[in-house]
Amino acid sequence: MELVILMAIALFVIIYRRNDGSESFYTFMKSQFGIVYQKYAPYSFQTISAKMKELKQEYTMKDYMIQIVVLGGLAGGIAYLYFYSLIMVAAYGGVAIALIPYLAWLRSKRLYSEYIFEQIQVYTTNVIMEFNTTQSFVKSLEGVRDSGIVEDPVLEDIKMMINMSYQNGTIDESIEYFNQKYPYYMVKNMHQLFLQITKEGAKDSGEALENMSMDIDSLVEGVYRDQMDRKQFHTKFITFALVLFLLVLVMQVLLGKDSYLKLLDMWYVHIILHAIIFINCFFLLSGEKYYNDDVGVE
């Protein structure tokens, strides 16, 4: 334990001495992290991060500190319950804290996915409404673009569709572009209907568009119902996962603490306990990933 603390202090001193003294240590570390982030972070992460800031949904420093205390303390407490070792407490607590950015990333992906789905819902519904008036798919896109009800990045893609349609003289490529960017059932179904109307020259498309609107409402209802089910599942899942971690406490009660401490003297018992923690953590992270998966994409 003392060696770990000395290594942490040495690392702090090395990084601090590299600073020229004109800025605080926090500012220096933030700038260095920014350089690494810009070089290696994927574009999708930058896009989602920017949108979270715009929507004011990003974690604050207070939120991160609460997660550090809760997750680090919980992991450290479980490690102590398993091994009765401060070294294991520090190790597992550190690993749990290191996973916080990943958990924050999963949450951001979910919120971003929900935001995009809401924008797509607005897009499909209003294109159908505009088409009833204009009887032109491109003119409908222009109406949605100018209405101010759709925001970026969907708005930028609508503008791209309009430009592609005028350049190519057909809506085929623009529809294919949007379908690949947003692979939602309601998008593909609506675009397929507009392709049929455009190519077959249907004179009375009102009934078909009305049925499409009802289909979209049904799909949206299903997605929101799935969101509610996921939230209920998530609460039960977290509770169940924590109970699994505490099964070792039941074993200690059955064996007695003294007998359990004697078992810890055997090296293979440590391997078994580490394996139990690893499997439970994998199970927990898999559940978190499922809960935060894309909304509305099937």
Side-chain angles (χ1 to χ4, degrees), residues 38 41-57 108-224 294-298:
Q38 291 295 334
Y43 172 76
S44 59
F45 185 86
Q46 298 182 31
T47 303
I48 292 174
S49 179
K51 181 55 68 174
M52 288 301 99
K53 290 180 181 178
E54 181 181 331
L55 297 174
K56 299 187 185 332
Q57 292 285 348
S108 296
K109 280 184 62 180
R110 174 174 56 82
L111 294 176
Y112 184 78
S113 180
E114 291 174 355
Y115 165 78
I116 292 296
F117 179 77
E118 291 173 358
Q119 290 293 299
I120 290 298
Q121 177 189 355
V122 172
Y123 161 76
T124 53
T125 302
N126 283 273
V127 166
I128 291 175
M129 293 173 60
E130 289 284 341
F131 190 86
N132 283 326
T133 302
T134 63
Q135 294 298 308
S136 166
F137 180 66
V138 178
K139 293 296 183 183
S140 300
L141 293 179
E142 291 177 336
V144 174
R145 176 198 63 189
D146 298 335
S147 66
I149 57 177
V150 180
E151 302 177 3
D152 289 334
V154 177
L155 179 59
E156 285 298 319
D157 290 317
I158 292 175
K159 294 177 182 178
M160 178 67 72
M161 289 180 71
I162 295 171
N163 294 335
M164 292 175 67
S165 298
Y166 281 123
Q167 290 174 2
N168 300 325
T170 177
I171 64 174
D172 295 64
E173 291 186 17
S174 61
I175 283 179
E176 183 180 357
Y177 163 79
F178 201 89
N179 285 350
Q180 291 180 353
K181 196 75 177 289
Y182 305 101
Y184 299 89
Y185 275 154
M186 59 181 171
V187 170
K188 295 178 180 179
N189 293 345
M190 185 193 74
H191 285 165
Q192 183 62 34
L193 176 60
F194 280 122
L195 280 173
Q196 292 176 353
I197 292 174
T198 302
K199 292 184 177 181
E200 296 175 5
K203 294 182 180 180
D204 185 12
S205 58
E207 184 177 351
L209 290 173
E210 184 178 351
N211 291 335
M212 179 57 62
S213 295
M214 294 175 62
D215 290 342
I216 290 174
D217 291 341
S218 178
L219 284 170
V220 170
E221 182 182 353
V223 169
Y224 284 133
D294 289 341
V295 175
V297 180
E298 301 181 22

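Basis for what follows: all heavy atoms, side chains included, without hydrogens, waters or symmetry-related copies.
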What's the separation between atom CG in Asp217 and atom OG1 in Thr125, rounded to the nearest 0.5 Å? 6.5 Å

Any idea which heavy atoms bring Pro153 and Tyr112 closest together, and the distance? CG-OH, 3.4 Å

Which atom of Asn126 lies closest to which atom of Val122, heavy atoms considered: ND2-O, 2.7 Å

Measuring from Gln57:CD to Ser49:OG, what's the distance to the nearest 0.5 Å? 13.0 Å

Check step by step if side-chain contact (heavy atoms from CB on, under 4.5 Å) holds for Ile128 and Ile216. CA-CA 11 Å; Ile128 291 175; Ile216 290 174; 3.7 Å; yes

Rounded to the nearest 0.5 angstrom, the OG-CD1 distance for Ser140 and Ile162 is 10.0 Å

Is there a side-chain contact (heavy atoms from CB on, under 4.5 Å) between Phe137 and Leu195? Walk through the geometry before answering. CA-CA 9 Å; Phe137 180 66; Leu195 280 173; over 6 Å; no

Atom of Asn189, atom of Met212 and distance for their closest heavy-atom approach: O-CE, 3.4 Å

Quick one: do the Glu54 and Tyr115 side chains pair a donor with an acceptor below 3.5 Å? no

Without swapping roles, check the side chain of Ser147 against the backbone of Val144 for a donor-acceptor pair under 3.5 Å. yes

The test is side-chain contact (heavy atoms from CB on, under 4.5 Å); show your working for Asp215 and Met186 and say whether it passes. CA-CA 8 Å; Asp215 290 342; Met186 59 181 171; over 6 Å; no

Where does the angle between the aromatic ring planes of Tyr184 and Phe117 fall among parallel (under 30°), tilted (30 to 60°) and perpendicular (over 60°)? tilted

Would Met214 and Ser218 count as a side-chain contact (heavy atoms from CB on, under 4.5 Å) here? Give the steps. CA-CA 6 Å; Met214 294 175 62; Ser218 178; over 6 Å; no

Identify, with sequence neighbours excluded, every residue that meets salt bridge (charged side-chain N to carboxylate O under 4.0 Å, His left out) alongside Asp152. none

Got a donor-acceptor contact below 3.5 angstrom from the Ser165 side chain to the Met161 backbone? yes

Which of Gln119, Met129, Met190 passes side chain to side chain contact (heavy atoms under 4.5 Å, CB included) with Thr124? Answer is Met190

Taking Gln135 for the side chain and Phe131 for the main chain, is one N or O donor matched with an acceptor at less than 3.5 Å? yes

Quick one, Arg145 and Leu155 - any side-chain contact, counting heavy atoms below 4.5 Å? yes

Is there side-chain contact between Glu130 and Lys139, with at least one heavy-atom pair below 4.5 Å? no

Kindly state whether the ring of Tyr123 and the ring of Phe178 have centres lying under 6.0 angstrom apart. yes

Atom OH of Tyr177 and atom CE of Met164: how far apart are they, to the nearest 0.5 Å? 7.5 Å

So how far is it from Ile158 CD1 to Glu156 CD, rounded to the nearest 0.5 Å? 10.0 Å

Flag the pair Gln167 / Glu173 as yes when at least one side-chain heavy-atom distance between them is below 4.5 Å, and no otherwise. no

For Ile171 versus Phe194, what's the shortest heavy-atom pair and its separation? CD1-O, 4.3 Å

